[in-house]
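Just below is one structure, and these are the notes that go with it.
Residue numbers begin at 1 in each chain, while the letters A, B, ... track the order of the sequences.
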Amino acid sequence: MNRIIYQNETGGVSVIIPTESVELALKDVPEGVAYEIVDVDDIPSDRYFRNAWVMGDCCVEHDLDRCKEIGHDRRRQQRAEEFKPYDEVIAKQIPGADAVAAEEARQQIRDKYALIQDVIEGASTPDEIKTALEVNQ
Amino acid sequence: MPITIAGSGTITGISAGGLPDGVITTDDIAANAVTYAKIGTTEQGQLCKAWVNFNGTSTVAIRASYNVSSITDNGTGDYTVNFTTAMPDSNYCPVFGTNSWSATDAGGDRTLKIKTNGTAIDNGSPTTMTTSALRVITGGFSLDRDHVYCLVSIFR
């Protein structure tokens, strides 16, 4: 089934998925907003950078700057997750736990994510950003 | 004598004084003549006015629905449910359900709620509830996230 796409209030793309027919769903396009009817296959199925979708000349495209913002957000989340067990050792001064080793592990994580940060900044495609983040998960 | 409902709206087979005693079976009524029972205002409030079950991941798709003309995918975990027939007002009661947002979220935090106009998703008034649509947010651990099962029902 077809989809209706239009530029939303954030500059991104909203995609209308009809239950029955596109004709019935046209009422759901905000008043006065330009829209296009596209084939479902023209909508990316990979939503990794969903909030970076923008209206292109013929179909949905990715805004690379927005992809980088999303990539950096994910990088920070992943880094925070990896820090967690070591943060706990250091913050709680757990007896028997090696705080020095924990700090060394934290530094390795910092170094790894500093490299990923550089890859994201230098990326020329969304796939490069996604690969850098997924390889290091 | 069988009861017959004619296309013009006339009913035959009922004796003077009302319906005959006893049970009226479907055999007494012409096939397909009754499609929707008329109910009172109080009973109408017991009915679900609209519902939708959709997949918010990958290629977003509607599994089944009632009185929903479409859903709008506005972004990660951000959807609008559009009604076919509008609600009488915006004082309806939405009921939500969802599943885990990832395989590693077993028993973890997951939400599906009304999108508000505040700066954070938990702040502000729910002004995204209108008679024609309801905008919802799915999330987990304070972030908007796509969910495989997004379930919305509307009572009014």
Side-chain angles (χ1 to χ4, degrees), chain A residues 1-31 33 35 37-55 60 62-63 66-67 69-71 73-74 76-78 80-81 84 134 137, chain B residues 50-86 101-105 108 115 117 119 121 127-128 130-148 150 152:
Chain A
M1 185 181 279
N2 288 337
R3 302 287 193 254
I4 305 166
I5 60 174
Y6 63 88
Q7 181 173 310
N8 61 33
E9 71 278 7
T10 66
V13 177
S14 282
V15 181
I16 293 179
I17 299 101
T19 53
E20 295 177 29
S21 68
V22 167
E23 289 71 26
L24 176 66
L26 283 175
K27 73 173 184 55
D28 303 326
V29 178
E31 197 172 345
V33 171
Y35 65 86
I37 298 172
V38 300
D39 191 271
V40 64
D41 293 335
D42 292 333
I43 306 295
S45 59
D46 186 345
R47 296 171 63 83
Y48 196 88
F49 295 112
R50 172 62 183 89
N51 289 348
W53 292 3
V54 291
M55 294 281 279
V60 174
H62 285 88
D63 180 303
R66 288 191 183 193
C67 288
E69 287 174 24
I70 293 168
D73 284 344
R74 288 177 183 253
R76 293 185 196 100
Q77 289 166 26
Q78 286 182 207
E81 284 298 312
K84 267 183 188 173
E134 289 188 337
Q137 251 183 337
Chain B
W51 58 265
V52 63
N53 174 336
F54 65 94
N55 181 350
T57 65
S58 185
T59 300
V60 176
I62 296 166
R63 295 186 183 89
S65 67
Y66 169 71
N67 194 28
V68 170
S69 56
S70 71
I71 58 168
T72 307
D73 161 25
N74 302 297
T76 302
D78 184 343
Y79 312 95
T80 304
V81 178
N82 301 297
F83 308 131
T84 305
T85 300
W101 54 270
S102 79
T104 57
D105 176 43
K115 181 178 173 66
N117 283 343
T119 52
I121 60 173
T127 49
T128 56
T130 69
T131 57
S132 59
L134 166 67
R135 192 160 173 176
V136 299
I137 292 287
T138 61
F141 292 108
S142 302
L143 294 171
D144 296 348
R145 299 180 191 274
D146 296 328
H147 290 232
V148 174
C150 303
V152 179

So for A:Asp46, is it side chain, backbone, both, or neither that comes closer than 4.5 Å to the heavy atoms of chain B?
neither

Could you tell me which non-hydrogen atom of A:Arg47 sits nearest to which non-hydrogen atom of B:Gly77, and how far apart they are?
NH2-N, 4.5 Å

What residue, out of A:Val13, A:Asn51, A:Asp73, has the most heavy-atom pairs lying under 4.5 Å from chain B?
A:Asn51

Part of B:Tyr79 within contact of chain A (heavy atom distance under 4.5 Å):
side chain

Mind checking whether A:Val40 and B:Thr59 have side chains closer than 4.5 Å, heavy atoms only?
yes

Could you grab the distance from atom CD1 of A:Ile17 to atom OG1 of B:Thr72, nearest 0.5 Å is fine?
7.0 Å

Is it the case that the side chain of A:Arg50 and the backbone of B:Asp73 share a donor-acceptor pair, with hydrogens and angles ignored and the cut-off at 3.5 Å?
yes

Hey, what do you get for CG (B:Asn74) to OH (A:Tyr6), rounding to the nearest 0.5 Å?
5.5 Å

Largest heavy-atom contact set with chain B, pairs under 4.5 Å, which of A:Met1, A:Glu20, A:Glu9:
A:Glu9

Kindly say whether A:Thr19 contributes a backbone atom to a donor-acceptor pair with the side chain of B:Ser70 at under 3.5 angstrom?
no

Using non-hydrogen atoms only, which part of B:Thr80 is less than 4.5 Å away from chain A: side chain, backbone, both, or neither?
neither

Please classify the contact between B:Ser58 and chain A as side chain, backbone, both or neither, with a heavy-atom cut-off of under 4.5 Å.
both

